[in-house]
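Since the structure is predicted, the reported quantities are computational estimates derived from the model, not experimental observations.
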Amino acid sequence: MQLVSRYIRRMPKTTSCEEFLRGVTAYVRKHYRRSMLTRLAEHPEDRLTCSAVIYSRVQREVWMVGDCQCIIGDQYYDNPKPAEAELAAMRAVEVRRQLAQGKTQEELLSDDTARPLIIPHMLETMQQQNRSYAVIDGFHIPRQHIVTVTLDFQPWEVVMATDGYPFLHATLAESEQHLMEQRQKDPLNIGPDFQATKAFKTGFNSFDDRAYIRFRT
């Protein structure tokens, strides 16, 4: 994340999406030792990896690389990992099974013993990193897996966020409120309104990293 942030701050304002994909890939890649590249090519799970959603004022475009989300006007966009919902559902089934066998919600919030069940499947999914879905990891990013939204020249209100907000709204206050409501009513994140591959751990006010920005073009 720090490498990608540094690259974005320094790149020319005229950068196109294709130029960004090539440039940020090269920038991250040069931070790997040459001796690591063969292993990293075969083991994507060991790569430095992040997602990004970027607005180019010059290009009048939003670029969504990886699992991020945005609202433009009243239209919602996201770019989730293909297997994320399936893995979340698998974990939810295991959580319910453990609850039925006597585990308490508090025990599972302290130690999510259902999550290890899906870890092997998550690692399998990561073998498709920058094949069936896009991330920034120092290896070629397939253009077809980038969501690009082009804005015309009328004023737009844009919200961009990470996937740490299960319910994205037009204001930060609403998004935070809905997140807190989720924590209160379903801290294990097992549905039916929302499922995730992890829970709200004891003492945490979120289950995932979150960033939120709203601006007008």
Side-chain angles (χ1 to χ4, degrees), residues 1-21 23-24 27-28 48-82 84-85 88 133-137 141 143-187 189 191 193-201 203-217:
M1 177 273 292
Q2 292 176 339
L3 292 175
V4 174
S5 296
R6 192 182 308 155
Y7 179 81
I8 292 171
R9 286 196 300 269
R10 296 175 179 178
M11 72 184 188
K13 64 182 180 181
T14 56
T15 299
S16 67
C17 182
E18 289 75 13
E19 289 169 339
F20 168 72
L21 298 178
V24 77
Y27 188 72
V28 172
L48 299 171
T49 301
C50 81
S51 300
V53 53
I54 299 162
Y55 172 64
S56 167
R57 186 169 61 88
V58 172
Q59 305 291 339
R60 299 287 294 182
E61 292 177 338
V62 173
W63 311 327
M64 305 179 73
V65 188
D67 51 353
C68 45
Q69 52 184 338
C70 73
I71 299 173
I72 301 174
D74 58 1
Q75 182 67 46
Y76 173 78
Y77 301 87
D78 67 352
N79 192 17
K81 294 177 183 175
E84 193 80 3
Y133 68 94
V135 293
I136 301 169
D137 66 357
I141 304 171
R143 182 65 176 83
Q144 67 268 26
H145 298 310
I146 308 304
V147 173
T148 302
V149 184
T150 303
L151 283 65
D152 61 23
F153 286 91
Q154 67 176 304
W156 289 97
E157 186 161 280
V158 177
V159 172
M160 305 193 306
T162 63
D163 63 344
Y165 288 100
F167 310 100
L168 188 62
H169 294 282
T171 69
L172 176 61
E174 290 175 287
S175 301
E176 287 283 338
Q177 178 62 32
H178 211 154
L179 178 66
M180 292 305 102
E181 290 172 0
Q182 174 66 21
R183 181 189 177 202
Q184 291 165 7
K185 73 176 183 180
D186 179 23
N189 289 330
D193 295 332
F194 175 72
Q195 295 181 346
T197 58
K198 55 188 119 174
F200 288 82
K201 292 181 67 174
F204 285 54
N205 64 5
S206 187
F207 65 93
D208 205 349
D209 62 284
R210 65 196 196 275
Y212 182 108
I213 184 171
R214 177 173 60 131
F215 57 91
R216 291 185 176 90
T217 63

Requested in this report: Evaluate side chain to side chain contact (heavy atoms under 4.5 Å, CB included) for Arg214 paired with Thr171, printing each intermediate quantity in order.
Outcome: CA-CA 7 Å; Arg214 177 173 60 131; Thr171 69; 4.1 Å; yes

Report task. Taking atom types as modelled, find out whether Asp163 and Gln69 have a side-chain donor-acceptor pair closer than 3.5 angstrom. Result ->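 No donor-acceptor contact under 3.5 Å links the two side chains.
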
Query raised in the report: side chain to side chain contact (heavy atoms under 4.5 Å, CB included) between Leu151 and Val62: does it pass, once the steps are laid out?
Result: CA-CA 8 Å; Leu151 283 65; Val62 173; 4.2 Å; yes

Within-4.5 Å side-chain heavy-atom neighbours: [X] and [Y]:
X: Glu176; Y: Tyr212; answer: no
X: Phe207; Y: Pro166; answer: yes
X: Val65; Y: Phe20; answer: yes
X: Val4; Y: Val24; answer: yes
X: Val159; Y: Tyr76; answer: no
X: Asn205; Y: Arg210; answer: yes
X: Ile146; Y: Ile141; answer: yes

So which atom in [X] and which in [Y] form the shortest heavy-atom distance, rounded to 0.1 Å?
X: Ser56; Y: Trp63; result: CB-CZ2, 3.7 Å
X: Ser51; Y: Gly66; result: OG-CA, 3.5 Å
X: Asp78; Y: Val147; result: O-CG2, 3.9 Å
X: Ala52; Y: Ile136; result: CB-CD1, 3.9 Å
X: Tyr7; Y: Gly23; result: OH-CA, 3.1 Å
X: Ala199; Y: Pro187; result: CB-O, 3.5 Å

Query raised in the report: Under 30°, 30 to 60°, or over 60°: which ring-plane class applies to His178 and His169, parallel, tilted or perpendicular?
Result: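 The rings of His178 and His169 lie parallel, inter-plane angle below 30°.
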
Query - Pairs flagged by salt bridge (charged side-chain N to carboxylate O under 4.0 Å, His left out) wherever residues 49-73 is involved - sequence neighbours left out - result: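 Qualifying pairs: none.
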
When rounded to the nearest 0.5 angstrom, what is the spacing between [atom1] in [X] and [atom2] in [Y]?
X: Gln75; Y: Cys70; atom1: CD; atom2: SG; answer: 9.0 Å
X: Phe200; Y: Gln182; atom1: CZ; atom2: CD; answer: 5.5 Å
X: Tyr165; Y: Asp208; atom1: OH; atom2: CG; answer: 11.5 Å
X: Glu157; Y: Asp74; atom1: CD; atom2: CG; answer: 11.0 Å
X: Gln195; Y: Thr197; atom1: CD; atom2: OG1; answer: 11.0 Å
X: Met180; Y: Ser206; atom1: CE; atom2: OG; answer: 6.5 Å

Query - Backbone of Asp137 reached by a side-chain donor or acceptor of Thr49 within 3.5 Å - result: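 Answer holds: no.
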
Query raised in the report: Are more than 12 heavy atoms from other residues, nucleotides or ligands located less than 6.0 Å from atom CD of Gln154?
Result: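 Yes, because the 6.0 Å sphere around CD of Gln154 holds more than 12 heavy atoms from other groups.
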
Query raised in the report: Just wondering, more than 12 heavy atoms not from Phe204 lying within 6.0 Å of its CZ?
Result: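 Result for CZ/Phe204: open.
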
Requested in this report: Begin with the C-alpha distance, continue with both residues' side-chain angles, and end with the deciding distance and a verdict on side chain to side chain contact (heavy atoms under 4.5 Å, CB included) for Leu3 and Leu48.
Outcome: CA-CA 10 Å; Leu3 292 175; Leu48 299 171; 4.0 Å; yes

Query raised in the report: With respect to Tyr77, which candidate in Val149, Leu168, Thr148, Val53 satisfies the side-chain contact (heavy atoms from CB on, under 4.5 Å) definition?
Result: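 Only match with Tyr77 under side-chain contact (heavy atoms from CB on, under 4.5 Å): Val149.
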
Query raised in the report: Stepwise, does the side chain to side chain contact (heavy atoms under 4.5 Å, CB included) test hold for Phe194 with Asn189?
Result: CA-CA 6 Å; Phe194 175 72; Asn189 289 330; 3.7 Å; yes

Query - Glu181 and its side chain to side chain donor-acceptor pair (under 3.5 Å) partner, picked from Gln177, Gln184, Arg183, Lys185 - result: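 Going through the options one by one, the only one that passes is Gln177.
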
